[in-house]
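Notes to accompany the following structure.
Residue numbers begin at 1 in each chain, while the letters A, B, ... track the order of the sequences. Treat the numbers as computed from the prediction; the structure is a model and nothing was measured. Both backbone and side-chain heavy atoms feed into the values below; hydrogens, waters and symmetry mates do not.
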Amino acid sequence: MPQIAQLAETYASQIFWLLVIFGFVYFVVGRGMVPRVMDTVGLRDKQIADDLAAAQGARDAADEAEEAWRQRENANREAAQALVSEAKTKAQASTERKLAEVQERIDAELAEAEARIEASRAQAAAEIETVAAEAAQEIAARIANVSVSQTAARSAVQKVMANG
Amino acid sequence: MAPETAKVDPMYQFTIQPLLGENMDVAGFNIAFTNSALWMLITAVVLWLFMLGGMKRELVPGRWQMAVETFTGFIDDMLEANVGKTGRKYVPYIFSLFMFILFANLLGLLPLGLIGIHPFTFTSHFTVTGVLAIISFSIVLIVGFWKHGFHFFSLFVPHGTPLPMIPVIFPIELISFLVRPFSLGLRLFVAMMAGHVLLEVLSSFVIDGWNAGAGFGVLVGIPSFLLMIGICALEILVAAIQAYVFALLSSLYINDAENLH
């Protein structure tokens, strides 16, 4: 076993060179290079974290803007609806008013017409009376040779017509 | 076993050979540049090159940078999970430890013998793993006494220990604490050595089997070869697991020093 057989002659060399070379590894690699590599990793992690934070901020801002837009949109929609319903009520009111006017006019015309009809009927009835009285006078003169006065004939006719 | 039949010596791979400055002595200690030191240097250079690929510092990492960041993140997470927020300052040490052991283990497994270069797994020497374990243990002691002073000894008295039990519990806890550097160093050394010896022994079965004839070759050589393939995969796993275990236990011990119980 050379590890033991050569111990006496080699231990000093082994320890010396190990200390020299491991010392080099520790100071150059361990102290010189490792912290810089870890710094790089740390910087990268920090940058990633910052980027993520920035992205989160942008997303929050976008959410906020969307919320504000939504509120504005809702307000606009409400205003539009209010406008529409107001216009609708106005239109309905004006329609009703116009209808009422037209109805009034129609009623007035109707009443006038009825009055005219009534007048015509009364006139017609009077004419019929006159004609009937004259006819009755004539008939009485022709058939019975009785001269009936106009007034009597009229009252007779009126009596008959009232009964008839 | 006669020496002429033993074509494969499973322990030979652990032999340390001086390459440069065989007689270089400092204060009476020989510090020759050996094959072990060479592979430590190769490990350090490969690790440095690997890390260099992670230094591009791009916002969107490429594959290489991603790999380096995965490793640093892995160690960072491990320390954060085991030690907490204060564990961050140990990332350079635990990362160096983990990557150095991991690269050493993996480089030692490379089949470079095919082109005549013989990889040397220096983590299969307890002189090396022992020094690494002692470094970890020293950090635990220094941090523990620095932060908590003599209060650090309360580590050896778990919460809720009845007063009469303290004289018994205290030595047990103390011994288990003092054994830590040995178990830490030996675990890695044994795991790496055992794997390499096993591969070498199996390869000697393949060679000796075929040398003994076609019948032995088919009966012993081929199954051994198939087993070697499987064990190679297992060794890659062990290389990573042992590096992880070393780093994990170091961070757990540091947690004891940082936070007591």
> What residue in A/T10, A/I21, A/V34, A/V28 has the most heavy-atom pairs under 4.5 Å with chain B?
Replying inline: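 Most heavy-atom pairs within the cutoff with chain B belong to A/I21.
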
> If you tally heavy-atom pairs under 4.5 Å against chain B, which of A/G30, A/P35, A/S13 wins?
Replying inline: A/S13

Gap separating the [atom1] atom of [X] from the [atom2] atom of [Y], nearest 0.5 angstrom:
| X | Y | atom1 | atom2 | value |
| --- | --- | --- | --- | --- |
| B/E69 | A/M38 | CD | CE | 11.0 Å |
| B/F95 | A/R31 | CZ | CZ | 14.0 Å |
| A/Y26 | B/Y93 | OH | OH | 9.0 Å |
| B/M40 | A/L19 | CE | CG | 9.0 Å |

> Are A/P2 and B/Q13 close enough that some pair of their side-chain heavy atoms sits under 4.5 Å apart?
Replying inline: no

> Taking side chain as C-beta onward, heavy atoms only, is B/F126 less than 4.5 Å from A/I4?
Replying inline: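 They are in side-chain contact.
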
At a heavy-atom separation under 4.5 Å, does [X] approach chain A through its side chain, its backbone, both, or neither?
| X | value |
| --- | --- |
| B/M99 | neither |
| B/F189 | side chain |
| B/Q65 | side chain |
| B/P18 | neither |
| B/L52 | both |
| B/L97 | both |

> Pick from B/L132, B/V60, B/V68, B/D76: which one has the most heavy-atom pairs with chain A under 4.5 Å?
Replying inline: B/L132

> Do you know which of B/T15, B/T72, B/L41 has the most heavy-atom pairs under 4.5 Å to chain A?
Replying inline: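 Result: the option with the highest number of such pairs is B/T15.
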
> Around atom CD of A/E104, are there more than 12 heavy atoms of other residues, nucleotides or ligands at under 6.0 Å?
Replying inline: no

> Is it true that atom CZ of B/F182 has more than 12 heavy atoms of other residues, nucleotides or ligands lying nearer than 6.0 Å?
Replying inline: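 It does not: B/F182 CZ has 12 such atoms or fewer within range.
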
> Picking from A/Q6, A/Q3, A/Q14, what satisfies side-chain hydrogen bond (donor to acceptor under 3.5 Å, both in side chains) with B/T127?
Replying inline: A/Q14

> Looking only at heavy atoms, what is the nearest atom pair of A/L18 and B/V128, with distance?
Replying inline: CD2-O, 3.4 Å

Proximal component of [X], with respect to chain B [non-hydrogen, under 4.5 Å]:
| X | result |
| --- | --- |
| A/I48 | neither |
| A/F24 | side chain |
| A/Y11 | both |

>> In terms of relative ring orientation, are A/F22 and B/F100 parallel, tilted or perpendicular, with 30° and 60° separating the classes?
In response: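 Correct class here is tilted.
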
> Any donor and acceptor pair, going by atom type alone, linking the side chain of A/W17 with main-chain N or O of B/I31 inside 3.5 Å?
Replying inline: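 Yes; at least one donor-acceptor contact below 3.5 Å.
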
